[in-house]
Amino acid sequence: TLPCDIYASGGTPCVAAHSTTRALYGSYSGSLYQVRRSSDNTTRDIGVLSAGGVANAATQDAFCAGTTCLITVIYDQSGRNNRLTQAPPGGFSGPAAGGYDNLAVATAAPIMVGGQKAYGVFVAPGTGYRNNATSGVARGDQPEGMYAIFDGTHYNGGCCFDYGNAETNSRDNGNGTMEAIYFGNIKVWGYGSGNGPWIMADLENGLFSGVNQRYNANDPTVTHRFLTAVVKGEPNHWAIRGGNAQSGGLSTFYNGVRPNVAGYNPMKKEGAIILGIGGDNSIGAAGTFYEGVMTSGYPSDATENAVQANINAAGYATTSGGGSGTLTPGSTISLRATTACCTDRYIRHQNDNAITSVITSSSSSTDKGDASWTVRQGLASSSCVSFESRNYPGDYLRHSNYQLHRQANDGSTLFAADATFCPQGGMNGQGTSFASYNFPTRFLRHYANTVYIASNGGSNTFDATGSWADDVSWVVGPAWS
Ligand code: AHR
């Protein structure tokens, strides 16, 4: 029995069930999500390996080979068709055409579930999904529950990485018009103990960590790589719970009356569903989503504990990202081009720019040092990596105006994001490709011997589609000695 079977037997059935990684009902054998590839704009539904099983990631890998894919639809397994699609503009506009939000890159969050490869939904700021015309989701002060599994190491201080109930017009309709799970470390509204991130409830015009508007000591900083986050609400009563999706139970971080702030009792829920954004389509947030559901009725703690036991059993685990070569933090490596022109060229810095140069065992020690990089845990996310210069410690490979440079880490959030790259299998089938953390449709690419973050087609010369898959594929090898 899977999460939605457990909620159903607890009397609080799922009214929405979203996952790109696995079925959430034992009998579910339909599609989990849909991807669209950039090469010809066609789409493909991604299903499960068997009824009640894990996603068929091989279908995606075959369909998206050598190109980039975006997640266009996250289907609703509940049978109510509460699917999530590209979020429309609202109080704020997104960066895509027509003010819509961006779609997530389908390969940006690779993981394992029960020993099988699967992909999560990687939300870079600007990415968002929504459904403003749902069926069966709580309205007004009706009771509901929800949980989601996030990457507890991928978050930021922007508004607002949410999953749950929001306004049907994508605007801020006042206190109490939302009830969603929030995850991140923004402190504009509420916060808990430590430095964050925290699980909070986005109830509109406020992220609540407990009964108080600002600080609630009982809501802890939580950073499990796979994090189960729970929010539920019923008349003048709500709760926040959380735990490690890989093992152990759920803890209760709040369980009590509605906040002691006007406007949240009774609630005025509207029943839209959002993912990765605020209720008013605020698009400042980052995070990764693997699965989540919304229920009708207020689930018991016992029901949620049984769901958490099933989540533990599902076997969420990390992968190296699918690329070959070792990207162990602390090791020093080289990055060799795989394009036929250039298989003797390596990423190196020169005059503070990142370029490719032919490097051989008889190159000077300066050239060898310039072409050697120490792998660090990603400055913006420990699920990704950063590259520190071997001969200029403290300096990193970072992009600026889409071009790569060697620069000293100034400690800013922007620098960290610009210097973080998320590895995945090489786009041409060789080695590894590196997605930019903050521009995940762009990958480290050499073009005219200069290094950029490039998309597969676009307005810049370095976004050219010709040899793109080769140019973004790198062999991670030993450092030059
Ligand atoms: O409640 C926090 C945020 O405030 C909501 O997500 C958004 O709609 C508003 O800007």
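Just the heavy atoms: all of them, side chains too, but no hydrogens, waters or symmetry mates, feed the values below. Numbering of ligands and ligand atoms starts at 1, following listing order. This is a predicted model, so every value here is computed, not measured.
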Do me a favour and list the nearest non-hydrogen protein atom to atom 9 (C) of ligand 1 with residue, atom name and distance? Glu204 OE1, 3.0 Å
Salt-bridge present (Asp463, Arg442; N to O < 4.0 Å): yes
Indicate yes or no: does an N/O atom of Cys159 lie under 3.5 Å from an N/O atom of ligand 1? no
Which residue and heavy atom of the protein sit nearest atom 10 (O) of ligand 1, plus the separation: Asp280 OD2, 2.7 Å
Using the ring of Phe63 (Phe, Tyr or Trp, six-membered ring only), decide whether Arg37 places NZ or CZ under 6.0 Å from its centre and within 45 degrees of its axis. yes
Those atoms of ligand 1 less than 4.0 Å from some heavy atom in Gly279: 5 (C), 6 (O), 7 (C), 8 (O)
Taking both backbone and side-chain atoms of Glu167, is any N or O found less than 3.5 Å from an N or O belonging to ligand 1? no
Would Asp141 and Lys269 pass as an ion pair if we require N to O under 4.0 Å? no
In the protein, which heavy atom is nearest to atom 1 (O) of ligand 1, and how far is it? Asp202 OD1, 2.6 Å
Taking atom NZ of Lys117 and atom CD of Gln60, what is their separation to the nearest 0.5 Å? 8.0 Å
At less than 4.0 angstrom from any non-hydrogen atom of Gly206, what atoms of ligand 1 do you find? 1 (O), 2 (C)
Determine, for Arg83 against Asp76, whether the closest basic-nitrogen to carboxylate-oxygen distance falls under 4.0 angstrom. no
Answer with side chain, backbone, both or neither: which part of Ala180 has a heavy atom less than 4.0 angstrom from an atom of ligand 1? neither
Can you check whether Trp189 has an N/O within less than 3.5 Å of an N/O in ligand 1? no
Run the side chain to side chain contact (heavy atoms under 4.5 Å, CB included) check on Met294 and Ile273 step by step: do they pass? CA-CA 9 Å; Met294 302 183 63; Ile273 306 175; 3.8 Å; yes
Thinking salt bridges, do Asp301 and Lys232 make one under a 4.0 Å N-O criterion? yes
For ligand 1, which is the ligand I care about here, please tell me if Asn205 has any N or O atom under 3.5 Å from one of the ligand's N or O atoms. yes
Does ligand 1 come near enough to Cys160 that some N or O of the ligand is less than 3.5 Å from an N or O of the residue? no
